[in-house]
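Everything below concerns the one structure shown next.
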Amino acid sequence: MPSYDPAKSEPHWQAAWDRANAFTAVRDAARPKYYVLEMFPYPSGRIHIGHVRNYTMGDVIARYKAACGFSVLHPMGWDAFGMPAENAAMERGGHPKTWTYDNIAVMRDQMKPLGLSIDWSREFATCDPEYYGQQQSMFIDFMEKGLVYRKNAVVNWDPVDMTVLANEQVIDGKGWRSNAPVERRELTQWFFRISDFSEELLEALDRLENWPAKVRLMQENWIGKSRGIEIPFHRTDGGAPILCYSTRPDTMRGASFIAISPEHPLAQALAADNAELATFIAETRKMDTTEAAMEKAEKKGLDTGLTVTHPVDPGLKLPVWVGNFVLMDYGTGAVFGCPAHDQRDLDFAHRYGLAVRNAFYLPGNEVEVGDVALVPAKTEKVAYIDHFAGIGVATSQEGIDATIGYFETRGLGQGQVKYRLRDWGISRQRYWGCPIPVIHCDACGVVAEKKENLPVRLPDDVSFDIPGNPLDRHPTWRDCSCPRCGAKARRETDTMDTFVDSSWYYARFTAPHAATPTVMAEAEYWMNVDQYIGGIEHAILHLLYSRFFARAMHICGHLPERAIEPFDALFTQGMVTHEIYMTRDARGRPVYHLPEDVEGGKVRATGQAVTVIPSAKMSKSKKNVVDPVDIIHKYGADTARWFVMSDSPPERDVEWTAAGAEATFKHLGRVWMLCERIASLPDDKPGKGDDDLIRAMHRAIHEVTQTIEGFAFNKSIAKLYEFTNAIQKSDAAKATQRQAMMVLAQLMSPMVPHLAEDIWAHQGGAGLVAETAWPRADPAMLVDDTVTLPIQINGKRRAEIVVPRDLPAAEVEKIALADDAVIRFLAGQPVRKLIVVPGRIVNVVV
RNA sequence: GCCCGAGUGGCGGAAUGGUAGACGCAGGGGAUUCAAAAUCCCCCGCCGCAAGGCUUGUCGGUUCGAGUCCGACCUCGGGUACCA
């Protein structure tokens, strides 16, 4: 009797699917299409369990939809540009291109044994010149439509390595290699005008009904629409007024100072002949560029000596400070400080001895602010203190609206709607990215490369032995002639942010080898992505950039209008985690151990007991990693696939456990044994309980279908366990058992496609499960004749009764009150209220 | 700092505001076996001899009824614009 042997059968079925071209996406006008896409991987070198989970989820959907009759597109590619390739070149020598393509080859070889229903004929990497050349072509289109511009922006500058650092390369304000304090430095950089789309990107979120609410909320907050006011504060020295932006003008009475950004032109100008201020501004530059660093840094400032007149209380003069917490990028780069109603302003005021004045109190609690700022919700009523606009007790929102009206009618300020969303800086001073197809000419200025010269290819002859951008010091690549006047010119040496690459790959998959970015007929048929699947870490940047990029592509004629929201449905899956095993060395430093080196709480080699640290995201440094290749080698792909889908809801993290994988393998073996047992039954075996098995089968079809549709694969698997147990216990006729077994194979096929084919073939099924229509449940087989109703007394469950499904409530009441247990618990007390929820529960209130 | 989530037995988890703990893992008992593996059957939240009581991170609220809704908090995770 052959036992379950995935090592033999999995390659067999993969070859069979290939021969049948089962997964080649075909544009078929006669059938509805379904485009399922998982976020493509970065080719780091090896696949990890997180990839297995991500791609198995997509595969379950793809195989299920194919069985439901859809023409399915399920492609795969590589997000292949990025820093790690350059870091590898710096650390180990070699070339980013070699490193990247070698990694892709390894990962493709690791991925194929998973048996994913991917159309590999559409594969590409973003570092293929055929891909990035089309991206350059679109960049030029964007330039023509005014979607691109250049401006100055700050970067993290490593003064020792003389190079720009990514945020993750800055550790505690210092460069990761040089350990030198990082400086903020301005460079001229390329930007996409995403902020022109702020309102549209915000407003369109409402229509993304099949996106998680949390992602829409995160994007809404990120875009950050606010209504405020711009108010010019007039300088007492007669200089140009300082324009401040505020979303809380109702607190104007409490204004006690003005704070401007160190990058504000006024601050810069004053610093020219104010050494103390110049030093202060230089100090504020020694901070990295992240928002978190800015927000967490101690609030510091310097008095410029200038004063302004309070706009509604001309007798009051407010000092002008430079504050390290004022962002030049948001609003006007200048704010008024109201310490009483803003904790950061209050801290600042206390530090520098500035005035604190309430603009309002909580009604009936007229207490001046001390150490804690009074910041009630905008919907809460407050009592304004002799407010210039004549407001008394009102909500802050009412106060804001009234104040803006007051300022506008008197010409003191202008109401403004602003967005937090900033334009997308795409310039990177790095080699391994898509070159920006632009040329700098002394005579013509900035000129786009001619499209017939695309792609602007990355030169291969570069070295990484010194820090900085090799393109910038390349002997010949930089030098070129101006496409307009033919004079000597310089090529742009910035490359594009890798988020650009991933902002349109979904569109490219619809025509992956075309000589234009997209082909309209293909895009018309395949777009949009019906189901997009990926990590929650991409909730804001990648998804927002893609939404912008699709709009820009539409403007340039590369996508139909329908595709400006490219992802109809989004699912965000959790991580795969694992326990961490730690010991300590002689000096007390932690030493981590791979799961396979630990057995029974001890290090296998030394017998040393390990400390178990609760599950965390798998990482190489903590050695809590499980290699899918090992798992497939030991148990087969189906075990890996079933396990990652089985335990946790897909949107949550799942913990990989060796015991769980072992148990999965055993279960699949049991299913195979059951299949063999049924096949070997005598054909004329008499049946008992055939109807029960048929009912269980229809219930399983219904429930598995529902749970797959609802992305609750862990529940699909629980239902499959139940159905398997029902078959196992059944004594039905052979034909009935065989029918149940074949339906089980179909229902399991999205998760464990190889085993499903084995079962199907063994039961004499025709063709491939992969090409068989999804089974349908008979609704008549799903309803039960009776229901069990729990009976509560005062909300506590005390008894239960079994009644016909459609029994009227009045009859249910009678039966419930006549129940022995109910009589006992009531002990003669009068019934005050009786609640009967049909088919659900009875609650007796005494 | 700010924005967004998550928290239920020994473990992963299930539960349209209606029997908390489906399904699985681990554990315990039994059958089979010379023995073991594999397989099969039974038990399995906590306290209690029992009756019963307690129990969904903490505290409070709404409700006939709260894991689910509301408020405050705690812990962990994701993002924070140059990691991808």
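Note on naming: letters A, B, ... go to the chains in the order of the sequence lines (proteins, then strands), and numbering restarts at 1 for each one.
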Between [X] and [Y], does any side-chain donor sit less than 3.5 Å from a side-chain acceptor?
{"X": "S427(A)", "Y": "D494(A)", "result": "yes"}
{"X": "N156(A)", "Y": "N167(A)", "result": "yes"}
{"X": "Q429(A)", "Y": "D472(A)", "result": "no"}
{"X": "R547(A)", "Y": "Q219(A)", "result": "yes"}
{"X": "D158(A)", "Y": "S178(A)", "result": "yes"}
{"X": "Y149(A)", "Y": "D423(A)", "result": "yes"}
{"X": "Y131(A)", "Y": "W504(A)", "result": "yes"}
{"X": "T100(A)", "Y": "W432(A)", "result": "yes"}
{"X": "Y330(A)", "Y": "S226(A)", "result": "yes"}
{"X": "E168(A)", "Y": "W176(A)", "result": "no"}

List the steps and the verdict of side chain to side chain donor-acceptor pair (under 3.5 Å) for T290(A) and D288(A). CA-CA 6 Å; T290(A) 66; D288(A) 65 66; 2.8 Å; yes
Measuring to OP1 and OP2 of [N], would you say a side-chain N or O of [X] lies under 4.0 angstrom away?
{"X": "S648(A)", "N": "G13(B)", "value": "yes"}
{"X": "T498(A)", "N": "A84(B)", "value": "yes"}
{"X": "N714(A)", "N": "A22(B)", "value": "no"}

Side chain of [X]: nearest nucleotide among [options]?
{"X": "N221(A)", "options": "A84(B), C3(B), C54(B)", "value": "C3(B)"}
{"X": "R797(A)", "options": "U19(B), A81(B), G52(B)", "value": "U19(B)"}
{"X": "K214(A)", "options": "U16(B), A14(B), G5(B)", "value": "G5(B)"}
{"X": "M83(A)", "options": "A22(B), C83(B), A81(B)", "value": "C83(B)"}
{"X": "K666(A)", "options": "U80(B), U39(B), U19(B)", "value": "U39(B)"}
{"X": "N167(A)", "options": "C83(B), A14(B), A22(B)", "value": "C83(B)"}
{"X": "E168(A)", "options": "U80(B), C25(B), C83(B)", "value": "C83(B)"}
{"X": "I536(A)", "options": "G78(B), G1(B), U16(B)", "value": "G78(B)"}
{"X": "Y721(A)", "options": "C25(B), C23(B), U80(B)", "value": "C23(B)"}

Indicate, with a heavy-atom threshold strictly under 4.0 Å, whether [X] touches base, sugar-phosphate, or nothing.
{"X": "Q429(A)", "value": "base"}
{"X": "G82(A)", "value": "sugar-phosphate"}
{"X": "S427(A)", "value": "base"}
{"X": "L834(A)", "value": "nothing"}
{"X": "G425(A)", "value": "sugar-phosphate"}
{"X": "A539(A)", "value": "nothing"}
{"X": "R824(A)", "value": "sugar-phosphate"}
{"X": "F723(A)", "value": "nothing"}

Across all chains, not counting sequence neighbours, the side chain to side chain donor-acceptor pair (under 3.5 Å) partners of E709(A) are Y64(A)
Would you list the protein and nucleotides 60-67 of chain B atom pairs, both N or O, that sit under 3.5 Å from each other?
{"residue": "C64(B)", "atom": "O2'", "partner": "N843(A)", "partner atom": "ND2", "Å": "3.3"}
{"residue": "C64(B)", "atom": "O2", "partner": "N843(A)", "partner atom": "ND2", "Å": "2.5"}

Within this structure, what is the [atom1]-to-[atom2] distance between [X] and [N], rounded to whole angstrom?
{"X": "Q573(A)", "N": "G77(B)", "atom1": "CD", "atom2": "C1'", "result": "15 Å"}
{"X": "W642(A)", "N": "C25(B)", "atom1": "CH2", "atom2": "P", "result": "12 Å"}
{"X": "L205(A)", "N": "C4(B)", "atom1": "CG", "atom2": "P", "result": "14 Å"}
{"X": "Y4(A)", "N": "A38(B)", "atom1": "OH", "atom2": "P", "result": "17 Å"}
{"X": "E298(A)", "N": "G1(B)", "atom1": "CD", "atom2": "C1'", "result": "14 Å"}
{"X": "E662(A)", "N": "A37(B)", "atom1": "CD", "atom2": "P", "result": "13 Å"}
{"X": "E651(A)", "N": "G78(B)", "atom1": "CD", "atom2": "P", "result": "17 Å"}
{"X": "L668(A)", "N": "U39(B)", "atom1": "CG", "atom2": "P", "result": "12 Å"}

If you find the nucleotide of RNA chain B closest to E295(A) and the one closest to P41(A), which residue's nucleotide is nearer the 5' end? E295(A)
Closest nucleotide of RNA chain B for D79(A) versus for H667(A): which of these residues is on the 5' side? H667(A)
Is NZ or CZ of R184(A) both nearer than 6.0 Å to the six-membered ring centre of W157(A) and within 45° of the ring axis? no
Is NZ or CZ of R150(A) both nearer than 6.0 Å to the six-membered ring centre of W190(A) and within 45° of the ring axis? yes
Per the glycosidic torsion and the 90° limit around 0, nucleotide G79(B) is anti
Close N or O pairs between protein and nucleotides 40-49 of chain B (under 3.5 Å):
{"residue": "C40(B)", "atom": "OP1", "partner": "Q728(A)", "partner atom": "NE2", "Å": "3.4"}

Suppose the criterion is salt bridge (Lys or Arg N to Asp or Glu O under 4.0 Å): which pairs have a residue in residues 833-846 of chain A, not counting sequence neighbours? none
Convert the base pairs of RNA chain B into dot-bracket notation, remembering that pairs crossing earlier ones are written with [ ] and that bases paired across to another strand are shown as |; include only Watson-Crick or G-U pairs under 3.5 Å. (((((((..(((.....[....))).(((((.......))))).(((....)))..(((((..]....))))))))))))....
G28(B) and A72(B): how far apart are their P atoms, nearest whole angstrom? 47 Å
Less than 6.0 angstrom separating the ring centers of F665(A) and F643(A), yes or no? no
Output field: ring centroids F192(A)/Y545(A) closer than 6.0 Å: no
Protein and nucleotides 6-9 of chain B: nitrogen or oxygen contacts under 3.5 angstrom:
{"residue": "G7(B)", "atom": "OP1", "partner": "R652(A)", "partner atom": "NH2", "Å": "3.1"}

